Structures are given as structure tokens and as C-alpha cells.
Amino acid sequence: MWQREIGRSEWVEWLSLRSGLSGEFVRELLEERVADEHIGDEDCTRLAAAVGLAADPETLRFTNLVEEGCDVFRENLTFLLNTLEHGGKKALASKLGVDPTTISRWVNASSRPSEATLHQLMDQLGISTEIDLRTYPIFLSFEPISMTERRQWLISRIEEMMPNELLELYPALSRIFRSR
């Protein structure tokens, strides 16, 4: 879906419409809350067809969906930079002590950040330095990755809560925020 430039916020609806699977099941699948043994062969076949893969269920379960030759670092960096608010790239460059054009060169793969700068970059974006941005495709993750995304995710969930749910959750949130 990322190759088709479908935004992550649209993945559930897009897959659900094309596969005929319920939106709830697709969401749980993308959030990795469905164990492999609970995904039937028919579900795999429908998902494969939805994304244009002609694969039997067993092959689909073990296929690396990141194409050979994909620059994972470039895709990750592009994805992360797109989560920044207006002016965020310039502010990030300033915090990293690099020229804004340097970040553009990283995205274009004409240069790469040093290991120290990469760690600073990840720290600024709220990404664990245990994640290897060169090999782990966070751009395919359904979960919010950056601090900006996590903040937006929390805000949207709070806004969607029913009043009685918020009433129950408020004391815990209040304690958390007061202890900061």
C-alpha cells in the first residue's frame, strides 16, 4: 500500500473494501493483535488478492514484502520527515547542527548521516536507537512511530472516547500528568 502512496490512516478501509474482510479484523491484523494461527487460508488469499499478490497462503505468510533493492533507510527517513509539522525539517536540521539541504541529500540517498548524527536524528524524532533505520521498515508499521504521531494518536483516541470512558480514565491521566 505504501508503494501506491495510500496513507496509513486509510489502510484499514482500503484493505477491508478490497478483501471483503471486516474493518475490525483488518485493524487487529495490522496492529499485530491477530496471531498467525487465527488467520485462515481464505483470509490470506483475500488479502493477497487485495494487494495484487498472486500467492498461496503459505507463501504470503513468509514473503518479505519489501522489494529487493528498496532503500529502507530512505523510505524510513521520508516517512518520518513527513510526520513533521510545517517548518519541522528546518527546525530538525538546526537541532542536528546540519544544513537543511543535508537532510534533502539523505532523502535523495546522495549522502548518509554519520552514526552520531543518526542517533541524534532518532532521538529528536522519538525513535528508539535500538531500531536500525537502515534495515527495519518502520514506514510499513501501522503503529504510530514518531512522537508527533503518538501524540496525535492519543489525542484522537481521547476525542473519540465516550463521556463515561473519559470519566473513568481521567483520574489515571491526571495522576500521570501531575507527576511530571
Side-chain angles (χ1 to χ4, degrees), residues 1-19 21 23-34 47-48 50-53 55 60-160:
M1 292 179 287
W2 66 276
Q3 290 174 319
R4 296 176 184 180
E5 297 183 12
I6 297 165
R8 286 189 312 165
S9 63
E10 300 168 32
W11 285 5
V12 171
E13 182 180 358
W14 192 91
L15 266 178
S16 180
L17 286 172
R18 282 159 184 77
S19 68
L21 298 169
E24 183 179 340
F25 179 77
V26 170
R27 177 175 300 283
E28 289 177 355
L29 182 68
L30 291 173
E31 290 175 352
E32 298 179 17
R33 291 188 288 151
V34 178
L47 287 167
V51 294
L53 295 174
L60 183 62
R61 282 188 173 98
F62 298 105
T63 297
N64 180 357
L65 296 178
V66 178
E67 290 182 357
E68 192 73 30
C70 173
D71 186 343
V72 174
F73 179 76
R74 181 181 179 279
E75 294 295 337
N76 281 338
L77 191 57
T78 300
F79 167 74
L80 290 167
L81 293 175
N82 286 339
T83 67
L84 298 175
E85 296 173 2
H86 180 71
K89 292 177 193 174
K90 187 174 182 179
L92 177 63
S94 176
K95 288 177 184 176
L96 296 174
V98 299
D99 192 87
T101 59
T102 301
I103 292 178
S104 295
R105 286 194 297 273
W106 295 342
V107 170
N108 295 330
S110 60
S111 71
R112 297 288 189 191
S114 68
E115 200 63 33
T117 305
L118 180 59
H119 282 281
Q120 281 183 297
L121 171 72
M122 293 173 72
D123 186 52
Q124 290 296 319
L125 295 172
I127 307 294
S128 169
T129 54
E130 293 179 13
I131 295 174
D132 186 349
L133 290 179
R134 293 177 215 94
T135 59
Y136 185 77
I138 62 170
F139 63 95
L140 294 179
S141 174
F142 188 67
E143 290 294 312
I145 300 294
S146 69
M147 285 301 126
T148 302
E149 282 187 309
R150 288 177 179 171
R151 184 174 288 115
Q152 290 170 344
W153 184 90
L154 285 169
I155 290 168
S156 70
R157 293 310 180 275
I158 289 172
E159 288 174 347
E160 292 170 3

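One-based numbering along the sequence shown. Predicted, not measured: the structure shown is a model, and the values here were computed from it.
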Side chains of Leu80 and Leu121: closer than 4.5 Å at any heavy-atom pair? no
Could you tell me whether the side chain of Phe25 reaches within less than 4.5 Å of the side chain of Ser19, counting heavy atoms only? no
I would like to know whether Leu81 and Leu92 meet side-chain contact (heavy atoms from CB on, under 4.5 Å); could you show each step before the answer? CA-CA 9 Å; Leu81 293 175; Leu92 177 63; 3.7 Å; yes
Taking only residues two or more places apart in sequence, or in another chain, which ones meet Arg112 in a side-chain hydrogen bond (donor to acceptor under 3.5 Å, both in side chains)? Asp71
Got a sec, which residues hit side-chain hydrogen bond (donor to acceptor under 3.5 Å, both in side chains) with Thr102, two or more places apart in sequence or on another chain? Arg105
[X]: side-chain contact (heavy atoms from CB on, under 4.5 Å) partners, not counting sequence neighbours:
X: Leu17; value: Glu13
X: Ser114; value: Ala116, Thr117
X: Arg151; value: Ile155

Give a yes or no answer on whether the side chain of Ser16 reaches the backbone of Leu21 with a donor-acceptor pair at less than 3.5 Å. yes
Would a distance-only check, ignoring hydrogens and angles, find a side-chain to backbone donor-acceptor pair under 3.5 Å from Thr78 to Glu75? no
salt_bridge(Glu115, Arg134) N-O dist < 4.0 Å: yes
Considering only residues two or more places apart or on different chains, which pairs with a residue in residues 87-100 satisfy side-chain hydrogen bond (donor to acceptor under 3.5 Å, both in side chains)? Asp99-Thr101
